[in-house]
Amino acid sequence: MTQDELKTLVGQAALKYVQPGEVIGVGTGSTVNKFIDALATMRDHIPGAVSSSEATTARLKALGIPVFEANDVGELAVYIDGADEIDERGHMVKGGGAALTREKIVAAQSRLFVCIADESKLVKVLGTFPLPVEVIPMAAERLKRQFAEKGGQAAIRLKDGSPLVTDNGQFILDVTGLQIHDPRAFEAEVSQWPGVVTVGVFAYQKAGVCLLGTATGVRTLA
Ligand code: 5RP
């Protein structure tokens with residue numbers, strides 16, 4: 001199976017976690033897009049969704065799925081999202097699609113995080129994928145130096161030759177050269193650095209379930 005087919009497989013498998021009558025939290029990315037396509041078949045059974053990005057909002061609305069503001073609904077039963085890396089304990093690196101801040105917010109509002117990913121995302125230690133960090137632009141250069149002190153090389157993410165601006169009006173640093181052996185400690189530390197909006201390590205909002213697409217079918221990590 002191709003990577004695209006594996007994404008379709010897990011996107012469809014995630015439907016069984018959607019609870020009829022409940023608003024669902026929806027992440028961002030190419031794997032989640034497969035889930036959204038599948039979710040359209042259930043749109044008459046759910047009130048709608050809380051979205052983690054402008055891109056996801058547009059896709060949900062295009063398929064006739066109502067989108068609610070996070071502040072207008074209470075706790076969500078389930079949040080479904082992809083990952084750039086996930087370990088066996090459900091810790092993730094996220095933010096390859098620059099949506100990490102709203103993803104973490106919707107995940108924090110949800111009782112269960114269901115991660116959907118193809119098996120290439122499963123790692124022993126987080127850090128091979130460049131770690132996304134959303135930052136206030138005026139702090140970017142100082143934060144690059146702070147990551148250098150931890151052995152990381154941080155670069156501002158570009159789009160069409162200029163800094164990419166997130167849905168929240170901020171920049172993304174992508175940090176290479178890290179090996180994150182203690183995701184909770186790392187997330188706690190970096191989250192406190194002035195100018196950091198959100199670090200793309202999801203340890204406090206880790207996945208409770210991961211549906212991994214493999215050549216032999218969907219493998220569930222829980
Ligand atoms: C977006 C994300 C995505 O979940 C992550 O980048 C995985 O994306 P894809 O499913 O396209 O591989 O964190 O900010």
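Whatever order the structure lists ligands and atoms in, that order sets their numbers, starting from 1. Computed from heavy atoms alone, side chains included, the values below leave out hydrogens, waters and symmetry copies. For this chain, numbers begin at 1 and follow the sequence in order.
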Result block: side-chain N/O donor-acceptor pairs under 3.5 angstrom for residues 209-221, not counting sequence neighbours:
unit_1, atom_1, unit_2, atom_2, d
Thr214, OG1, Thr216, N, 3.2
Thr214, OG1, Thr216, OG1, 3.2
Thr214, OG1, Gly217, N, 3.2
Thr214, OG1, Gly217, O, 2.7

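Near Gly29, meaning under 4.0 Å from any of its heavy atoms, are these atoms of ligand 1: 11 (O). Atom numbering of ligand 1 starts at 1 in the shown order; those under 4.0 Å from a heavy atom of Thr31 are 9 (P), 10 (O). Listed by number with element, the atoms of ligand 1 under 4.0 angstrom from any heavy atom of Lys94 are 2 (C), 3 (C), 4 (O), 13 (O). Near Gly82, meaning under 4.0 Å from any of its heavy atoms, are these atoms of ligand 1: 4 (O). For ligand 1, the atoms sitting less than 4.0 Å from at least one non-hydrogen atom of Thr28 are 1 (C), 2 (C), 3 (C), 4 (O), numbered in the order shown with element in parentheses. Atom numbering of ligand 1 starts at 1 in the shown order; those under 4.0 Å from a heavy atom of Ala98 are 14 (O). Annotation for ligand 1: atoms under 4.0 Å from non-hydrogen atoms of Asp81 are 4 (O). If you number the atoms of ligand 1 from 1 as listed, the ones under 4.0 Å from a heavy atom of Gly95 come out as 2 (C), 13 (O), 14 (O).
Not a single donor-acceptor pair under 3.5 Å links the side chain of Arg59 to the backbone N or O of Ile36. Remark: side-chain polar atoms of Thr166 are paired, donor with acceptor, to backbone N or O of Asn168 under 3.5 angstrom.
Protein heavy atom closest to atom 9 (P) of ligand 1, with residue, atom name and distance, is Ser30 OG, 3.3 Å. Among all non-hydrogen protein atoms, the one lying nearest atom 2 (C) of ligand 1 is Glu103 OE2, 3.3 Å. Of the protein's non-hydrogen atoms, the one nearest atom 5 (C) of ligand 1 is Asp84 OD1, 3.2 Å. The nearest heavy-atom contact from the protein to atom 12 (O) of ligand 1 is Lys121 NZ, 2.7 Å.
Counting heavy atoms under 4.0 Å from ligand 1, residue Pro132 does not touch it at all. In Ser53, neither the side chain nor the backbone holds a heavy atom less than 4.0 Å from any atom of ligand 1.
Between Glu54 and Arg102, at least one side-chain N (NZ, or NE/NH1/NH2) sits under 4.0 Å from a carboxylate O, which counts as a salt bridge. Classification of Lys150 and Glu189 as a salt-bridged pair holds, one side-chain N sitting under 4.0 Å from a carboxylate O. Contact check on Asp81 versus Lys94 returns a salt bridge, with a Lys/Arg side-chain nitrogen under 4.0 Å from an Asp/Glu carboxylate oxygen.
Remark: ligand 1 and Val32 share no N or O pair separated by less than 3.5 Å (distance only, no angle test). For the pair Ala99 and ligand 1, the shortest N or O to N or O distance falls below 3.5 Å.
Applying the salt bridge (charged side-chain N to carboxylate O under 4.0 Å, His left out) test to Lys144 and every residue at least two apart in sequence or in another chain returns Glu141.
In summary, the side chains of Ser120 and Asp118 do present a donor paired with an acceptor at a separation below 3.5 Å, with no hydrogens or angles considered.
A cation-pi arrangement is present between Lys104 and Phe202 under the rule of less than 6.0 angstrom and at most 45 degrees off the ring axis.
Enclosure of atom CD in Glu69 is not indicated, since only 12 or fewer non-hydrogen atoms of other residues, nucleotides or ligands lie within 6.0 angstrom.
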